[in-house]
Protein chains: 2
Amino acid sequence: MTILVAPKPEAGSKPAQILEAAGRLFLENGYGAVSMDAVSKKANVSKATLYAHFGSKDELFRAMVACECASSTLEGIWDRAMAMPAADGLRLIGITFVTFVLSPKALAVHRVVLGEAHRFPELARAFYEAGPALMVARVSAYLEALNGRGELAIPDIDLATQQFFGLIKANLHMKLLLCLTERPSEATIQRFVDAAVDLFVRGYAPSAI
Amino acid sequence: MTILVAPKPEAGSKPAQILEAAGRLFLENGYGAVSMDAVSKKANVSKATLYAHFGSKDELFRAMVACECASSTLEGIWDRAMAMPAADGLRLIGITFVTFVLSPKALAVHRVVLGEAHRFPELARAFYEAGPALMVARVSAYLEALNGRGELAIPDIDLATQQFFGLIKANLHMKLLLCLTERPSEATIQRFVDAAVDLFVRGYAPSAI
DNA sequence: GTCTATAAATGGATAGAC
DNA sequence: GTCTATCCATTTATAGAC
């Protein structure tokens, strides 16, 4: 499996200019609707230069996705969450995750990778490994810890992790992927996360078994 | 708002041939990767004929999505669910919904609409209205009924509906949209739905308040 | 490495005969 | 309505000078 590395060339260099232009255009318009001409113009670079750095449109697309995936595992929150009571930790994780995943950039990456998943299956896989899979692993570990501390009683950690993500994304994610609604306010996100955590904690409370 | 009508021309006619070919190609390869040439060839029709029926590639794409949306609200299950105890009804709805939404066709439509949501925003909206929105409305009504019967105690029906869909789709939907895994077995679907319904019913049990 | 200019192919869309 | 043949713009990709 191809590992998705984010090369991130030094800022200001031609490759960086090109990748940034490609990012804006591809993420805004999708793979098919963007020409190499458009990229070269947006990057203030000739097409020959473009092809000197990226051998083809496919390659540029892949590189751009890899670059945009520069994985935000949202470091920092895990230790903080671990130090809190279960519900508070879950809320922290939920808010952080939802805020990230509903950001315009994350949505755009999702959209373009989903839209081209047929044609770039390895890219879809690499994207998943570089992003969602990491989050899943972190949350699984966290839930395991809550189990260990006796705060929750989860029989199937894997399944519960997926449920947690499903709960906090609810329909918001899909609606935003479809461009059906503006980005929700902080208050709305808070409401969804609170409700999700309530349900989750109530459902997996040790006493509930 | 444009209503998404599914004209479905009489089987065997040229328009039907064209729409079928367009469906296969667009759903398999995405909008950008399919040429009108390819569609005409697959449909065994000349390009002129194609353009006689569908004025442009955009129009053909729209028509094809409309046709594929020929809305499956999964009639029939609602009355049956209504006659069951809450958990059984939810399981029936869950299984039916997940089986439908994880079908190759539904996934392909999702993928292509998502991928082109930027360029065809009205199409994305029409798709949502013709499919997901109807399901949401049905489930909301069902949950309301459960509330009325005293089997559940749901404070915010709208939110709970979204939670229910999020729970049963969990990560499966996203993974399949990304072509990361084969279609899950009946048993797997059953497992996910059972777990979702358990959590949901436990969380919204009247006694739990 | 970078540019200008261009090759070679393919794309969407149409003209005109039947 | 349907076909064959074709137009013209655009696309990916490259050649050759600096």
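We name chains A, B, ... by the order of the sequence lines, and we start the count at 1 in each one. Below, each value reflects all heavy atoms present in this structure, side chains not excepted, and no hydrogens, waters or symmetry copies.
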Side chains of B:Val98 and B:Phe192, heavy atoms from C-beta outward: is any pair under 4.5 Å? no
Does any part of the side chain of A:His173, heavy atoms only, come nearer than 4.5 Å to the side chain of B:Met174, both counted from C-beta? yes
Polar side chain donor-acceptor pair, [X] to [Y], under 3.5 angstrom:
| X | Y | value |
| --- | --- | --- |
| B:Tyr31 | B:Asp58 | yes |
| A:Asn147 | A:Tyr142 | no |
| A:Tyr204 | A:Gln163 | yes |

Within this structure, what is the [atom1]-to-[atom2] distance between [X] and [N], rounded to whole angstrom?
| X | N | atom1 | atom2 | answer |
| --- | --- | --- | --- | --- |
| A:Leu60 | D:dA13 | CG | P | 10 Å |
| B:Lys47 | D:dC7 | NZ | P | 13 Å |
| A:Leu50 | D:dA13 | CG | P | 10 Å |

Can B:Arg62 and B:Glu122 be said to form a salt bridge (charged side-chain N to carboxylate O under 4.0 Å, His left out), step by step? CA-CA 10 Å; B:Arg62 279 177 233 273; B:Glu122 1 70 59; 2.5 Å; yes
Run the salt-bridge test on B:Arg191 and B:Glu186 with the 4.0 Å N-O cut-off and return the result as yes or no. no
Leading and trailing nucleotides of DNA chain C with any atom under 4.0 Å from heavy atoms of chain A: C:dT2 to C:dT4
Can you give each donor-acceptor pair under 3.5 Å made by side-chain atoms of residues 99-121 of chain A, sequence neighbours left out, with the distance rounded to 0.1 Å?
unit_1: A:Thr99; atom_1: OG1; unit_2: A:Ile95; atom_2: O; d: 2.7
unit_1: A:Ser103; atom_1: OG; unit_2: A:Phe100; atom_2: O; d: 2.8
unit_1: A:Ser103; atom_1: OG; unit_2: A:Ala106; atom_2: N; d: 3.3
unit_1: A:Lys105; atom_1: NZ; unit_2: A:Glu68; atom_2: OE1; d: 3.2
unit_1: A:His110; atom_1: ND1; unit_2: A:Ala106; atom_2: O; d: 3.4
unit_1: A:Arg111; atom_1: NE; unit_2: A:Leu177; atom_2: O; d: 2.7
unit_1: A:Arg111; atom_1: NH1; unit_2: B:His118; atom_2: NE2; d: 3.2
unit_1: A:Arg111; atom_1: NH2; unit_2: A:Leu176; atom_2: O; d: 2.9
unit_1: A:Glu116; atom_1: OE1; unit_2: A:Arg119; atom_2: NE; d: 3.1
unit_1: A:His118; atom_1: ND1; unit_2: B:Glu28; atom_2: O; d: 3.0
unit_1: A:His118; atom_1: NE2; unit_2: B:Arg111; atom_2: NH1; d: 3.2

Residue-level proximity of residues 23-38 of chain A to DNA chain C when a heavy atom falls under 4.0 Å: none
